[in-house]
Q: 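I'd like to ask you about the structure that follows.
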Amino acid sequence: MPGRGEVVYQVYPRSFADSDGDGVGDLEGIRQRLDHLRWLGVDALWLSPVYPSPLADWGYDVSDYTDIDPRLGSLEAFDRLLADAHDRDLRLLMDLVPCHTSIEHAWFREHPDWYIWADSGEGPPNNWTSAFGGPAWEHDSSTGRWYLHSFYPEQPDLDWHKPVVVDAMQNVVRFWIERGVDGFRLDAIDRLVKDRELRDDPPSEEPFGLPLMEHELGRDLRNSRNAPGTGRALAALREAAGDDALLVGEVYLPTVRAAPYLEHLDRLFVFELLHATWDADVLRRAIRPAAALRGRPGAAPAWVLSNHDFGRLAHRFGREHERAAAMLLLTLPGSAFIYQGDEIGMGNGPGAKPPRDRIGRDSFRHPMQWDGTAGGGFTTGTPWLPLDDAAVRNVADQRGDPGSLLSFYRDLIALRRTLPAGFEAVDDIPGVVSYRSGDRLVVINLSGERRSIPGGEVLLATATGAVSRDGSLARHAGAVIAPT
Ligand code: NOJ
């Protein structure tokens, strides 16, 4: 039975804190704000990519895996950040993007054979689709051949069937491990290995060309992802990272099918929960199989309710549910990932005109709101994405208020440390998601009505008075209860 693993805080570096007034967040800004993470009580931070990048996919198109984008800092700034994080007992996870590089990476020019090419004349060689919509193949006019891109055309896929590619990425992993990082979040890792023979995926009901990322969970893309050889590729990443590194997989498959990844990785994001609606049955269906995951020693699910791709927790579930959702996130067995700003209830932002992200993710990425000043304490310059409502929601105001959402997150994280290991779904109250960890009971009321719950001492509730004297739980509320 997995215990409660680490709480990881996702930092989206361009939008966290800008130390030099150019409107873009940077590593020095993150370093200066580490005390926020310490105060909150998280165990680790995950940095979305900080490598040099032409920004076709805002850093997920890497043009050099062993350097820092000069707009974000330098290797020296990175070392300072890492040292200060470690001084505060915070582990640091890099984002590793091993499936594809930027088209501007020197490898693409110098070693085109490291990538996946096909000669198919007029049309693409098969029916594979990009996760961002449209065919996954781009015609290269200089060679007359087609290259594969599982995401944007500016992100050609590496060929993991080639030992030289495996070696090159192992060297990248070693570079960062030797620098002292504690692990990696592995981007799009289900797309790492494809069918060698480039056979078609089964035909899909989905119209070819939909922006598919959100639809991929249920699709049978048996040849364009998760193909035989995946285990060997994961083992190579583990070998380079070493046994102590924390490896977190972004595996965009139903959790039960992704389970084998935990033979090599430590955590798997549970995407069913990320895409769940606020409905008791939907949540139960997402939680049960994931809570039962097994794998290498210590392997566990990584729960996540929002990130830079799919929008904000407050927006998806509605403000009235944001505390109960946080309670769910932080009491389930395994690891919990908090996306920066969710702890103060940031919603989806205003986006940008013209848009910066081509598939519309700007409004999930707007700058962190540290205080109520014009730049939100994020920047003294012009922010690269517009701020949202810093005057209404910011860290400074909420930190001084014991009843704030921010204080609630802190209380939850502190309580989490005291929860016994174990998970037993109870779920016998209609519309109430509930589970036991040892003698503690978590109850989350999604029924829309007040519900009777077992009695006991309320250790933490989503609001004062959420559990009434007669032992019932208010609608939209949650509580953690100990026997009296
Ligand atoms: C998943 C990342 O989270 C997303 O932001 C990115 O666009 C794709 N992988 C491609 O790297």
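Ligands are counted one by one from 1 in listed order, and the atoms in each one are counted from 1 as well. As the structure is a prediction and not an experimental result, all values here were calculated from the model.
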Q: Could you list which atoms of ligand 1 come closer than 4.0 Å to a heavy atom of D57?
A: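 This gives 6 (C), 7 (O), 8 (C), 10 (C), 11 (O) as the contact atoms.
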Q: Near E250, which atoms of ligand 1 are under 4.0 Å from a heavy atom of that residue?
A: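 In order of numbering, the contacting atoms are 1 (C), 3 (O), 9 (N).
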Q: May I ask you to check if R358 and Y152 form a cation-pi contact, with NZ or CZ under 6.0 angstrom from the six-membered ring centre and within 45° of the axis?
A: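 Ring-cation test returns yes.
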Q: Taking only heavy atoms of R361 into account, list the atoms of ligand 1 that are under 4.0 Å away from them.
A: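 Going through ligand 1 atom by atom, the ones under 4.0 Å from R361 are 4 (C), 5 (O), 6 (C), 7 (O).
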Q: Hey, does F132 sit under 4.0 Å from ligand 1 if you only count heavy atoms?
A: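 Contact present.
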Q: Among F151, W107, W160, which residue satisfies the ring-ring contact (aromatic ring centres under 6.0 Å, His included) criterion with H100?
A: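 Testing H100 for a ring-ring contact (aromatic ring centres under 6.0 Å, His included) against F151, W107, W160 leaves exactly one candidate, F151.
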Q: Does the side chain of T379 come within less than 4.5 Å of D22's, by heavy atoms?
A: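 They are not in contact (no side-chain heavy atoms under 4.5 Å apart), so the answer is no.
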Q: Does the structure place the NZ or CZ of R14 under 6.0 Å from the centre of the six-membered ring of W58, at an angle of no more than 45° from the ring's axis?
A: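 Judged by the rule, R14 and W58 form no cation-pi pair.
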Q: Does at least one non-hydrogen atom of Q10 fall below 4.0 angstrom from an atom of ligand 1?
A: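 Q10: no contact with ligand 1 (<4.0 Å).
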Q: If the test is ring-ring contact (aromatic ring centres under 6.0 Å, His included), which one of Y115, F108, W114 qualifies with H111?
A: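 So the option named by the test is W114.
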Q: What atoms of ligand 1 come closer than 4.0 angstrom to any heavy atom of H100?
A: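 Atoms satisfying the 4.0 Å criterion: 10 (C), 11 (O).
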Q: Starting from the C-alpha separation in whole Å, work towards a yes-or-no answer on side-chain contact (heavy atoms from CB on, under 4.5 Å) for L81 and L47.
A: CA-CA 11 Å; L81 167 62; L47 297 180; 4.1 Å; yes
Q: Nearest 0.5 Å please: distance from the NE2 atom of H315 over to the CG atom of N348.
A: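 Reported value, rounded in 0.5 Å steps: 4.5 Å.
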Q: May I ask whether R185 places a heavy atom under 4.0 Å from ligand 1?
A: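 Flag set, R185 near ligand 1.
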Q: State the atoms of ligand 1, each with its element, that fall below the 4.0 Å cut-off from a heavy-atom position in D309.
A: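 Within the 4.0 Å cut-off of D309, ligand 1 contributes 1 (C), 2 (C), 3 (O), 4 (C), 5 (O).
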Q: Would you mind running through ligand 1 and noting each atom that sits below 4.0 Å from a heavy atom of R365?
A: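 Close to R365: 5 (O).
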